[in-house]
Amino acid sequence: MSSNETSYAITVLDTDGSVLVESNGLALFETMSSIKSPIGTLAINKACELKGSIDDEDDLMVTTTHNSNGSGKLKDSLPSAFPITLRNALYHNIIESDCVATNVLIDYLGGKDTVNDKIRREMGIVGIELVTERINFEGVNHREVPFQVGRGTTRDFAKYYQQIWSDSSELIDEHRWHRNLHKLVNTARLFGVGQRELARSVSWIHKTGSGEDVNDSNLYSTMMDAGELQINNRTLYVAAALTVNHSDGPMPSRADILADFAERNTKAIADIPSRPAA
């Protein structure tokens, strides 16, 4: 077996959940921050069920137990403990992909096992799983521990977005607000560009996740991007993932890997016909 391996998957669902395009859609990939969207949705569900609104929930306390060396700025305010509203935790979780905010939400939901139970029971999705109680990458080798944040299939990530957003007219205010946060995510790794660089005819409402572990002789890189794609006059639910393990020959750059991911995704989506205007 070659010491250089690339694994790729993509699933594209129509609004009714039918599969339009799929390649390797049942293979498990590292989710990285993509799993933060289901965690946020579950937190909204819990607050609305218990309190009626996310704004009626008591403030949550951020402590050193929630600290992380991952993305986000809330860690800069630790070690002093401080309160945060649920709405602000949800905002930081998506917009800044803040790992401290995610850790707070995991605790709010009751921990990893409860999160996974809710993904299975409330969402009916078996192919998305949180694997850590806390998002923290201190001393962890990606190649030795392939699933550090979560594991999931592109089939189930596309299904997640199709289930929660396909009937947007029925969304409660909290879920509509959460969906709008996904519009503001800056990166659009599905296309290898920033969100603002997308054509006017393309809307990518999503949560992306990526990670990299590299030294002079080895490179591990993984990325996932999933959400609602509005293109060619139709709405699609798309999830794509790519993982590269490289330890032989010239080392690809992050830009090379991202360009490869974008090219694969573009080719997979290109053959989907546009939907005639009503």
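In what follows, every heavy atom counts, from backbone to side chain, and hydrogens, waters and symmetry copies are set aside.
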If two hydrophobic side chains count as joined below 4.5 Å and joins carry through other members, does [X] share a cluster with [Y]?
{"X": "I39", "Y": "F147", "answer": "no"}
{"X": "I95", "Y": "L198", "answer": "no"}
{"X": "Y91", "Y": "I164", "answer": "yes"}
{"X": "L105", "Y": "F82", "answer": "yes"}

Holding to side chain to side chain contact (heavy atoms under 4.5 Å, CB included), I want the full list of residues that pass it with [X], two or more places apart in sequence or in another chain.
{"X": "R176", "answer": "L171, D173, N180"}
{"X": "L258", "answer": "R189, M223"}
{"X": "A268", "answer": "Y8, I10, V21"}
{"X": "V214", "answer": "E212, L219"}

Is there a side-chain contact between [X] and [Y] (heavy atoms, below 4.5 Å)?
{"X": "K207", "Y": "S97", "result": "yes"}
{"X": "V12", "Y": "E22", "result": "no"}
{"X": "H206", "Y": "V238", "result": "no"}
{"X": "T222", "Y": "L242", "result": "no"}
{"X": "I257", "Y": "F261", "result": "no"}
{"X": "V149", "Y": "V131", "result": "no"}
{"X": "L13", "Y": "L236", "result": "no"}

Hey, mind stepping through T6 and R264 against side chain to side chain donor-acceptor pair (under 3.5 Å) and telling me if it holds? CA-CA 12 Å; T6 299; R264 291 170 185 259; 5.1 Å; no
Checking [X] side chain against [Y] main chain: does a donor-acceptor pair fall under 3.5 Å?
{"X": "D248", "Y": "N4", "answer": "no"}
{"X": "T31", "Y": "S34", "answer": "no"}
{"X": "Q162", "Y": "T15", "answer": "yes"}
{"X": "D98", "Y": "H92", "answer": "no"}
{"X": "N69", "Y": "F137", "answer": "yes"}
{"X": "Q230", "Y": "T235", "answer": "no"}
{"X": "H175", "Y": "W177", "answer": "no"}
{"X": "N24", "Y": "A27", "answer": "no"}
{"X": "D59", "Y": "L86", "answer": "no"}
{"X": "N103", "Y": "I135", "answer": "yes"}

Just verifying a value: how many Å separate [X] [atom1] and [Y] [atom2], rounded to the nearest 0.5 Å?
{"X": "K36", "Y": "T208", "atom1": "NZ", "atom2": "OG1", "answer": "10.5 Å"}
{"X": "L78", "Y": "H66", "atom1": "CG", "atom2": "NE2", "answer": "9.5 Å"}
{"X": "H178", "Y": "I172", "atom1": "NE2", "atom2": "CD1", "answer": "11.5 Å"}
{"X": "L90", "Y": "I84", "atom1": "CG", "atom2": "CD1", "answer": "9.0 Å"}
{"X": "I125", "Y": "Y160", "atom1": "CD1", "atom2": "OH", "answer": "8.0 Å"}
{"X": "S37", "Y": "I205", "atom1": "OG", "atom2": "CD1", "answer": "11.5 Å"}

Looking at every heavy atom in both I128 and N116, which two are closest together, and how far apart are they?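 For I128 versus N116, the nearest heavy atoms are O-OD1, 4.5 Å.
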Step-by-step side chain to side chain contact (heavy atoms under 4.5 Å, CB included) determination, V244 to Y220: CA-CA 6 Å; V244 175; Y220 168 93; over 6 Å; no
Sequence neighbours excluded - side chain to side chain donor-acceptor pair (under 3.5 Å) pairs with any residue from residues 71-82: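 Qualifying pairs: none.
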Establish, for the pair K46 and Y108, whether the NZ or CZ atom is under 6.0 angstrom from the six-membered ring centre and no further than 45 degrees off its axis.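 Verdict for Y108: a cation-pi partner in K46.
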Show your reasoning for whether side chain to side chain contact (heavy atoms under 4.5 Å, CB included) applies to Y161 and E228. CA-CA 7 Å; Y161 283 103; E228 180 184 284; 5.6 Å; no
Full working for side chain to side chain contact (heavy atoms under 4.5 Å, CB included) between T132 and Q148: CA-CA 7 Å; T132 180; Q148 293 184 22; over 6 Å; no
Please walk me through it: do R234 and D14 pass salt bridge (Lys or Arg N to Asp or Glu O under 4.0 Å)? CA-CA 9 Å; R234 69 185 305 173; D14 208 340; 3.2 Å; yes
I would like to know whether T114 and D117 meet side chain to side chain donor-acceptor pair (under 3.5 Å); could you show each step before the answer? CA-CA 5 Å; T114 303; D117 184 67; over 6 Å; no
Between R134 and D107 (salt bridge meaning N to carboxylate O under 4.0 Å), is one present in this structure? yes
Going by an N to O cut-off under 4.0 Å, is there a salt bridge joining R151 and E30? no
Summary of salt bridge (charged side-chain N to carboxylate O under 4.0 Å, His left out) pairs that have at least one residue in residues 81-97, sequence neighbours excluded: D55-R87
For residues W165 and H182, establish whether the separation of their ring centroids is below 6.0 Å.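 Yes, the ring centres sit under 6.0 Å apart.
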Would T85 and N88 count as a side chain to side chain donor-acceptor pair (under 3.5 Å) if you check the C-alpha gap in whole Å, the side-chain angles of each, and the deciding distance to 0.1 Å? CA-CA 5 Å; T85 65; N88 280 339; 3.3 Å; yes
Tell me, with the steps shown, if I231 and W204 meet side chain to side chain contact (heavy atoms under 4.5 Å, CB included). CA-CA 9 Å; I231 189 172; W204 183 222; over 6 Å; no
